[in-house]
Amino acid sequence: MDTLNSGDTAWMLVSTALVLFMTPGLAFFYGGLVRGRNAISTISLSFVSMAVASLVWVLWGYSLAFGDGNALNAVIGNLSHIGLSGIGVDDISGGIPVLLFVAFQMMFAIITPALITGAIVERFRFTTYMVFLVLWLTLVYAPICHWVWAEGGWLFELGALDFAGGTVVHINAGVAALAAAVLVGRRRRPAIEPHNVPYVILGAGILWFGWFGFNAGSGLAANGQGVNALLVTNTAAAAGALTWGILSYIQNKRVSAVGIATGAVAGLVAITPAAGFVNVMGALVLGIGAGILPYFFVLYRPRLGIDDALEVFGVHGIAGIWGALGTGVFAVEAIGGTAGLLEGNAGQMGTQIIGVVATIAYSGVATLIILKVLDLIPGLGLREPERAEDEGLDLAAHGERAYVADGAD
């Protein structure tokens with residue numbers, strides 16, 4: 001019988017809070033990038049995910065993601081823990097309470113669909129998004145989470161490496177965001193420039209801070225692997241930020257503050273699947289790549305005619321794919337127990353490719369189906385009316401304004 005490890009439990013309590021804090025950070029990051037008249041709407045899309053996803057997770061999401069013992073265990077869990085039934089406050093696994101693991105994983109379920117919203121801001125119907133949250137978490141997030149992280153999941157058994165969510169969170173959300181942007185269509189009035197750059201930088205800083213819990217907490221223990229995960233996370237973020245800044249200077253002879261913030265996030269995304277498996281030098285390469293590949297995708301994305309408003313696929317999808325594949329290259333057996341390509345394990349690359357392709361295919365197709373069904377339901381639909389888009393969704397959808405001029409009502 002497992003006994004409680006108070007040190008691991010304390011660290012995981014802190015990590016859980018850090019990961020939750022990332023979603024308000026994302027809200028500020030996204031909220032600063034849109035027009036001022038859509039700031040409340042954009043921030044609220046992230047905030048409401050904290051409410052809806054929390055309830056879905058404790059009622060049935062956790063059970064679908066981590067339940068086992070059924071004939072379909074390779075692809076989905078079961079409802080044995082619906083409403084967290086069968087899990088007691090004294091149940092311990094791996095030195096920490098099972099309920100703490102439930103709470104930690106809940107924070108990942110909260111932020112993943114919130115990431116998608118960056119692709120559809122300034123025109124998506126808020127009430128439809130709340131319904132989408134329930135369906136997407138149930139039909140897309142929970143199955144992919146089970147594949148990768150649950151014992152018996154087919155990618156878990158295949159040996160796919162994803163320490164903290166490169167496939168489960170970032171590729172999944174990035175591909176879903178791209179699918180949503182294609183189906184919803186272009187904004188009537190795209191933002192010319194971010195309305196509040198300090199918000200963007202503040203949000204990126206909160207994300208960077210919270211990511212230490214996201215990655216270093218994913219080993220579920222206060223140990224050397226967790227320390228390594230924290231260090232390589234910071235290294236990749238720094239490398240991504242500087243690389244993006246240098247590229248923006250080469251192109252425009254100016255260093256973009258938004259670019260540095262975006263590069264940091266891309267670096268964080270890239271190191272996420274690798275944090276428990278690579279050393280500092282591997283993290284450095286992953287961070288530099290995360291500054292280069294998303295930068296050029298974002299630069300040329302408008303030519304595709306797709307209005308991924310806040311570059312969710314460019315940053316999370318591209319950097320997530322790079323990170324997942326890079327994990328197969330740079331994994332160090334002495335750190336995470338699995339060797340990568342550079343240590344002679346070429347087969348790991350094949351496994352990583354399978355995980356990436358499967359996540360892209362399932363998330364993309366399933367998201368398109370969910371959104372198409374919602375668009376056909378009377379009273380829902382995907383887009384706000386044209387008048388609402390022109391007025392701004394803060395007033396049209398929420399009846400509130402982010403900024404009131406002096407002397408105004």
Side-chain angles (χ1 to χ4, degrees), residues 26 29-35 38 41-42 45-46 112-126 128-129 132 136 140 167 169-195 200 244 247-248 251 256 258-259 262-263 265-266 269-270 290-324 356-357 359-376 381-386 388-390 393:
L26 179 72
F29 185 75
Y30 279 175
L33 289 168
V34 297
R35 293 183 297 164
N38 292 312
S41 171
T42 300
L45 288 169
S46 289
T112 306
L115 292 172
I116 299 171
T117 64
I120 53 177
V121 292
E122 300 192 307
R123 76 269 205 199
F124 201 82
R125 192 181 293 269
F126 190 81
T128 301
Y129 173 68
F132 171 78
W136 194 85
V140 182
T167 50
V169 176
H170 297 291
I171 298 176
N172 192 6
V175 171
L178 183 64
V182 170
L183 191 58
V184 175
R186 300 176 61 84
R187 290 168 290 175
R188 284 171 51 78
R189 292 186 178 183
I192 303 301
E193 59 182 356
H195 92 278
V200 177
W244 198 298
L247 290 173
S248 70
Q251 182 185 3
S256 165
V258 171
T262 304
V265 172
V269 170
I292 295 172
L293 298 175
Y295 179 88
F296 284 104
F297 183 88
V298 169
L299 186 64
Y300 291 104
R301 188 270 308 159
R303 300 184 184 184
L304 301 176
I306 299 171
D307 189 9
D308 180 354
L310 307 185
E311 309 296 353
V312 182
F313 181 76
V315 175
H316 295 274
I318 297 297
I321 292 168
W322 161 242
V356 168
V357 171
T359 302
I360 290 172
Y362 183 77
S363 180
V365 172
T367 301
L368 282 172
I369 292 172
I370 291 170
L371 288 171
K372 190 62 179 178
V373 170
L374 291 176
D375 197 31
L376 296 174
L382 302 183
R383 292 191 70 135
E384 292 282 2
E386 291 183 358
E389 289 188 47
D390 292 339
L393 301 191

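Numbering starts at 1 and runs along the sequence shown.
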[Y] backbone acceptor or donor facing [X] side chain under 3.5 Å:
| X | Y | value |
| --- | --- | --- |
| Asp307 | Arg187 | yes |
| His195 | Val34 | yes |
| Thr367 | Gly364 | no |
| Thr128 | Gly381 | yes |

Tell me the closest heavy-atom pair linking Leu247 and Gly291, and the distance in Å. CD1-O, 3.5 Å
Any idea which heavy atoms bring Val315 and Pro294 closest together, and the distance? CA-CB, 4.3 Å
Given side-chain contact (heavy atoms from CB on, under 4.5 Å), test Val175 with Phe313 step by step and report yes or no. CA-CA 6 Å; Val175 171; Phe313 181 76; 4.1 Å; yes
Of Glu122, Arg123, Glu389, the residue whose pairing with Asn38 passes side chain to side chain donor-acceptor pair (under 3.5 Å): Glu122
Passes side-chain contact (heavy atoms from CB on, under 4.5 Å), Phe132 versus Arg125? Steps please. CA-CA 10 Å; Phe132 171 78; Arg125 192 181 293 269; over 6 Å; no
Answer whether the closest heavy-atom distance between the side chains of Tyr30 and Leu45 falls below 4.5 Å. no
Non-neighbouring partners of Phe296 that pass ring pair (Phe, Tyr, Trp, His ring centres under 6.0 Å), sequence neighbours left out: none
Scan residues 293-302 for pairs that pass salt bridge (charged side-chain N to carboxylate O under 4.0 Å, His left out), counting only residues two or more places apart or in two chains. Arg301-Glu311
side-chain contact (heavy atoms from CB on, under 4.5 Å) with His170: of Ile321, Thr359, Leu115, Val312, only one passes, and it is Leu115
Determine the sole option in Leu310, Thr262, Thr42 for which the side-chain contact (heavy atoms from CB on, under 4.5 Å) test with Leu33 is passed. Leu310
Tell me, with the steps shown, if Ser363 and Asn172 meet side-chain hydrogen bond (donor to acceptor under 3.5 Å, both in side chains). CA-CA 6 Å; Ser363 180; Asn172 192 6; 2.8 Å; yes
Test side-chain contact (heavy atoms from CB on, under 4.5 Å) on His316 and Val265; report intermediate values, then the result. CA-CA 8 Å; His316 295 274; Val265 172; 4.1 Å; yes
Applying side-chain contact (heavy atoms from CB on, under 4.5 Å), run through Phe124 and Leu371 and close with a yes or a no. CA-CA 11 Å; Phe124 201 82; Leu371 288 171; 4.0 Å; yes
